[in-house]
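Computed from a predicted model, the values in this text were never measured in an experiment.
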Amino acid sequence: MAVTTVFKADHCALFPLSICPCHRRAAPKAVAFARLPSTRRLRLSLLCTRRVYSAFVSSSGGTQLDSHEHKPQTTEATEALFIEPEQQKDGGQLRKRVFSGLAIGIGGGGVVVAGGWVFTVVVAVAVFAAAREYFELVRSQGMAAGMTPPPRYVSRACSVICALMPVLTAYFGHIDVSVTSSAFLVAMALICQRAIPRFSQLSSTMFGLFYCAYLPCFWVKLRCGLAAPALHTELGKYWPILLGGRAHWTVGLVATIISVSSIIAADTFAFLGGRAFGRTPLTSISPKKTLEGAFAGLIGCVVVAISLSRILSWPSSLLSASAFGILNFISSLFGDLTESMIKRDAGVKDSGSLIPGHGGVLDRLDSYLFTGALCYSFVKFALPVFGV
């Protein structure tokens, strides 16, 4: 009995130009491919409607494929469509992205408001996952083709060190000694390895410590270190005593809320603006990013920063709030582009697949890595000089 399995492909780029329906407008033809030794043969019916139907037919049967029909006629056929329409795929990915983003936003908002060790532990867990993904990217085939990756035991040790850095920052209140000590120990381990040490191993590992350990620690310093009360924030008056009362609303909490919300607004407005108006490529590092999308992200980021500053009464100056929003946008954009550059060299689209619709943890946190350090410096040093 001849059994035919039919699949439909909507992308003619899967085939050579010689048989691509976009490049041959002649009458429909049937092309047969033989497998050696030949027990089955593959027939492709090329239609000018940019759809291709193929059937695997046993040589013992006589199933015929009519190339002039829009659907193959078979006597006994079991049809299975393996490729869904592209629009359905995009819609499914968008739904996953929205649901995952809402879940992360609600959970992350609760963690930010809680602060203290709850915030620190969550940051440490996220940093550990991001560091694992970074060192997997370094060891990937695309990046390892032009460099020597660090040994696997060094990568795992660095991931643990990255997770410990936020905890040590919250405990000691500073990060300088921890970072320098960790860098020295990692460099010593690389130099003392049995194989010949390479500079590429040292550089990729040190950048990993800076990127995945040093930079995220500034979020702990921003949220937990700036403990001065935000005296003008009206929400503090109505905050329950059991949850900390008015003293819970510190400058660090208000600055973290504004910064995180501004980054979310920048990503959302850039995504929507790019889809609606995107025409001009922003950079070759990330071809899907457009200048129009970046401009929409900048507007959304500044508007949200100013709006929240009016609601939370910090900072009181419109100029300071606008500068804070612009700083958030620039740092989040270049954090995103930095991770895109790493993924481009690694030859992958996403750093992982842990978060549905978003990819890996590093894909979700890339916009926040540089932002924490710059926002902390802005609040700690720039605002006291130029006024709140």
Side-chain angles (χ1 to χ4, degrees), residues 85-109 112 255-312 315 318-344 348-353 355-375 378:
E86 188 173 346
Q87 293 182 352
Q88 293 182 4
K89 285 186 177 180
D90 292 342
Q93 285 295 107
L94 183 59
R95 283 193 295 270
K96 290 181 180 179
R97 187 180 182 91
V98 171
F99 291 148
S100 300
L102 288 175
I104 294 173
I106 295 173
V112 169
T256 304
I257 291 176
I258 296 177
S259 182
V260 172
S261 301
S262 300
I263 295 172
I264 295 174
D267 290 343
T268 304
F269 277 79
F271 176 75
L272 297 177
R275 285 175 65 94
F277 310 106
R279 297 292 184 273
T280 309
L282 179 64
T283 174
S284 59
I285 296 176
S286 184
K288 290 186 178 181
K289 288 183 173 56
T290 61
L291 192 61
E292 293 81 2
F295 185 70
L298 174 62
I299 294 177
C301 187
V302 174
V303 168
V304 168
I306 294 176
S307 301
L308 289 178
S309 70
R310 300 299 95 185
I311 295 173
L312 300 175
L318 179 63
L319 181 61
S320 298
S322 302
F324 195 56
I326 295 174
L327 180 67
N328 277 286
F329 171 76
I330 294 176
S331 55
S332 64
L333 175 62
F334 280 91
D336 192 347
L337 293 177
T338 300
E339 200 237 354
S340 297
M341 179 177 61
I342 297 173
K343 292 189 296 184
R344 190 178 184 87
V348 298
K349 181 179 181 294
D350 297 319
S351 63
S353 57
I355 306 176
H358 292 267
V361 176
L362 193 59
D363 293 318
R364 187 63 271 169
L365 297 182
D366 54 1
S367 299
Y368 297 84
L369 292 176
F370 289 106
T371 310
L374 294 177
C375 289
F378 180 82

By salt bridge (Lys or Arg N to Asp or Glu O under 4.0 Å), which residues pair with D366, not counting sequence neighbours?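 Counting only residues at least two positions away or on another chain, D366 forms no salt bridge (Lys or Arg N to Asp or Glu O under 4.0 Å).
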
Heavy-atom closest contact ([X] atom, [Y] atom, distance):
{"X": "R279", "Y": "P281", "answer": "O-CD, 3.5 Å"}
{"X": "S367", "Y": "I263", "answer": "CB-CG2, 3.8 Å"}
{"X": "S309", "Y": "A321", "answer": "OG-CB, 3.4 Å"}
{"X": "G273", "Y": "A296", "answer": "CA-CB, 4.0 Å"}

Nearest-0.5 Å distance that lies between atom [atom1] in [X] and atom [atom2] in [Y]:
{"X": "F329", "Y": "F295", "atom1": "CZ", "atom2": "CZ", "answer": "9.5 Å"}
{"X": "L337", "Y": "S340", "atom1": "CG", "atom2": "OG", "answer": "5.5 Å"}
{"X": "I306", "Y": "I258", "atom1": "CD1", "atom2": "CD1", "answer": "11.0 Å"}
{"X": "L362", "Y": "I342", "atom1": "CG", "atom2": "CD1", "answer": "6.5 Å"}

Do [X] and [Y] come close enough that some side-chain heavy atom pair is under 4.5 Å?
{"X": "L318", "Y": "S322", "value": "yes"}
{"X": "V303", "Y": "F269", "value": "no"}
{"X": "V260", "Y": "Y368", "value": "yes"}
{"X": "L333", "Y": "L282", "value": "yes"}
{"X": "V112", "Y": "I257", "value": "yes"}

With a sphere of 6.0 Å drawn around CZ of F378, does it hold more than 12 non-hydrogen atoms of other residues, nucleotides or ligands?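 It does: F378 CZ has more than 12 such atoms within range.
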
Counting neighbours of CZ on F271 that are heavy atoms of other residues, nucleotides or ligands and sit closer than 6.0 Å, is the number greater than 12?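 Result for CZ/F271: enclosed.
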
Hey, mind stepping through S259 and F324 against side-chain contact (heavy atoms from CB on, under 4.5 Å) and telling me if it holds? CA-CA 8 Å; S259 182; F324 195 56; 4.2 Å; yes

Between T371 and N328, does any side-chain donor sit less than 3.5 Å from a side-chain acceptor?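 Looking only at side-chain atoms, N328 and T371 do not form any donor-acceptor pair under 3.5 Å.
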
side-chain hydrogen bond (donor to acceptor under 3.5 Å, both in side chains) partners of residues 291-306, not counting sequence neighbours, each pair once: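 Residue pairs with at least one partner in residues 291-306: T280-E292.
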
Considering residues at least two apart in sequence or located in another chain, which fulfil the side chain to side chain donor-acceptor pair (under 3.5 Å) criterion with D267?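 D267 satisfies side chain to side chain donor-acceptor pair (under 3.5 Å) with R364 once adjacent residues are dropped.
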
Is there a donor-acceptor contact under 3.5 Å from the side chain of [X] to the main chain of [Y]?
{"X": "S100", "Y": "I355", "result": "no"}
{"X": "K343", "Y": "D350", "result": "no"}
{"X": "S331", "Y": "L327", "result": "yes"}

Between E339 and L369, does a side-chain contact (heavy atoms from CB on, under 4.5 Å) hold up when you go through it step by step? CA-CA 10 Å; E339 200 237 354; L369 292 176; over 6 Å; no

